[in-house]
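Each remark here refers to the structure printed beneath this line.
Chain letters run A, B, ... following the sequence lines, proteins first, then strands; residues in each count from 1.
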Amino acid sequence: MDKLIEILRSVCPDVDFETETDLVGSGILTSLDIVMIVSELMAEYDVKLDVDDLVPENFMNAGTIHALIERAGSK
Amino acid sequence: MDITSWRFPVFLLAALAAYVLLPQNRRWWALLAASLLFYACGGAAAMAYLGVTAAATYIGALLLQRLNDRRAAMDQEARRASRRAHDRKRHLTAGAVCCVCFGMLFAVKYWDSTASALGLRPLGLVVPVGISFYIFQSVGYVLDVSRGKIRAQRDPAKYLLFVSFFPQMVQGPIDSFGHLSPQLLSGRKPDADELRDGIQLMMWGFFKKLVIAGRAATVVDAVYSDAGAYPGSVIAFAVLMYTVELYCDFSGGIDIVRGAAGLFGIELAENFRRPIFALSLAEFWRRWHITLGEWMKNYVFYPLSLSGAFAALGRFSRKHLGGMAGRILPTSLATFIVYFIIGIWHGANLTFLAFGLYNGVIITSSILLAPLWSRLKKALRVREDSGAYKLFCMARTSAVVFVGRYLTRAPWLKMSLIMLWRTVFDFHRRRLIPGILALGMSWTDLVVVGLGCAAVLTVEALQERGVRIRKTLASKGALVQWLFIFIPLTVILLFGALGGGGSEFIYGRI
């Protein structure tokens, strides 16, 4: 989880990923941020994410993003 | 059918009566009949384009559904083994539907301007109202079926209603099947609150369209028809009026169609969220024509950003550029392409190509320069949550949008550039008022447009603060509620540009 937070911070330095619970619904993350995060995650974790994975529920907070990577890794 | 003419309320009343009188499970018939009648007013060719779009997307979605169902019936091992072949078939089917729909859109909307640039024979086809909107909506449906997000509609008549629902035919919104179709088919009777809300929303839309946009159009049409004859100050005023006209024309139109749909208990997707309060150009486009932005995000930006080519570009830029620049280059390029497409979507000539480039370059630059800007703000100790900073950002966005408007209304790119040049280098401040009055805009027009804009700004500022105007009104007595229908109606009848040339919607021609 620490590694994930570090990666997320490197993409969006102004976002508090440790405490925010609804990053998409509250408008903190835009589609641009999501794509940058996904590109970074795919490079760092060597996983393949699809367009179908880019739904708000997967980017609500650090926990849901972590779950997304775990699911992608087990595909 | 012109929705600002007296025929529209009559048509709407007849459709509503038929809808309410039919049994619940047959009410969607009334919506389909009204939609086909509404579109038939556009002529046989318009109906043919609609028919081709509906048929191609209906058949394509059924084929995709069959592919998805076959795969779902397989065991996990077989499903994994067939993934590539399945994806290839899916992409081929969806691609074929896209070729038919976008090919037809290209032939109708873009061929003549392309042909004249290449010295080829134009087709001279009439662009029917709403073609871009229903084609994008139908293609979005096919892509959603392809991705397994929704199941294909088997009933062709029910599907045709989704493609042709009449309020959307004027200027969108581009709704999703999952959101719109269940509402169209539910046959739910609207209650008294929905009827009142729908009428109030329509009145507000008519006010913006007929009172503000209709009057502003006078000076806009005059200046743009012969821009070379005016000093920079009058040109700048005309561009400002065009900005006002477009804002009130588009948002007014959206309010009218959302209000009309609301009379049937149907809530169309939000398409316009007070872009005047946007803090950046990217945010402006997230608030302006929201459903087009969503469509571009889901079906262009995301697939493009995650494509193999962009992944390879990402690896290359990380390796050779490193740091933030290497990380954001692919995303910036995808963003640029999306805004470029949005620009072309708005029109089929060089001015819109330039408009797309203008937006793409500014937004891409702002992404690339974001780290530098962030450091500058820290050095200057700028507080991002302060009112002054937000005001500065809003003014900056409005200025960028204002300059962009020079590009979209002029018939030729050269004229846009001449107008911009004259505004900067040939202003002639003293010729402004006599120039405006000579254009046919009286003092009364100026006052009406000014007060109208003030009313729109006040309402939008309240909404931005979270005040829900119609809900607040609903808590008042019946007299107050009906007054808020009759006062706008009186203002529209007294000051609206009724029956004039300004009745056509700008986005209706897209």
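Looking at A/Ser10, the atoms closer than 4.5 Å to chain B (heavy atoms on both sides) sit in the backbone and in the side chain alike.
Under the 6.0 Å cut-off for aromatic ring centres, B/His289 and B/Trp295 do not qualify, their centroids lying 6.0 Å or more apart. Annotation: B/Tyr358 is not in aromatic contact with B/Phe340 [ring centroid separation under 6.0 Å not met].
No side-chain N or O of A/Thr64 forms a donor-acceptor pair with one of A/Asn58 less than 3.5 Å apart.
Every residue meeting the side chain to side chain contact (heavy atoms under 4.5 Å, CB included) condition with B/Pro303, not counting sequence neighbours, appears here in chain and number order: A/Val51, B/Arg147.
When the candidates A/Glu40, A/Met42, A/Met36 are compared by the number of heavy-atom contacts under 4.5 Å with chain B, A/Glu40 comes out ahead. Among the candidates A/Val38, A/Ile34, A/Leu32, the residue making the largest number of heavy-atom pairs closer than 4.5 Å to chain B is A/Leu32. Interface check for chain A: of the options B/Arg286, B/Glu283, B/Arg315, the most heavy-atom pairs under 4.5 Å are formed by B/Arg286.
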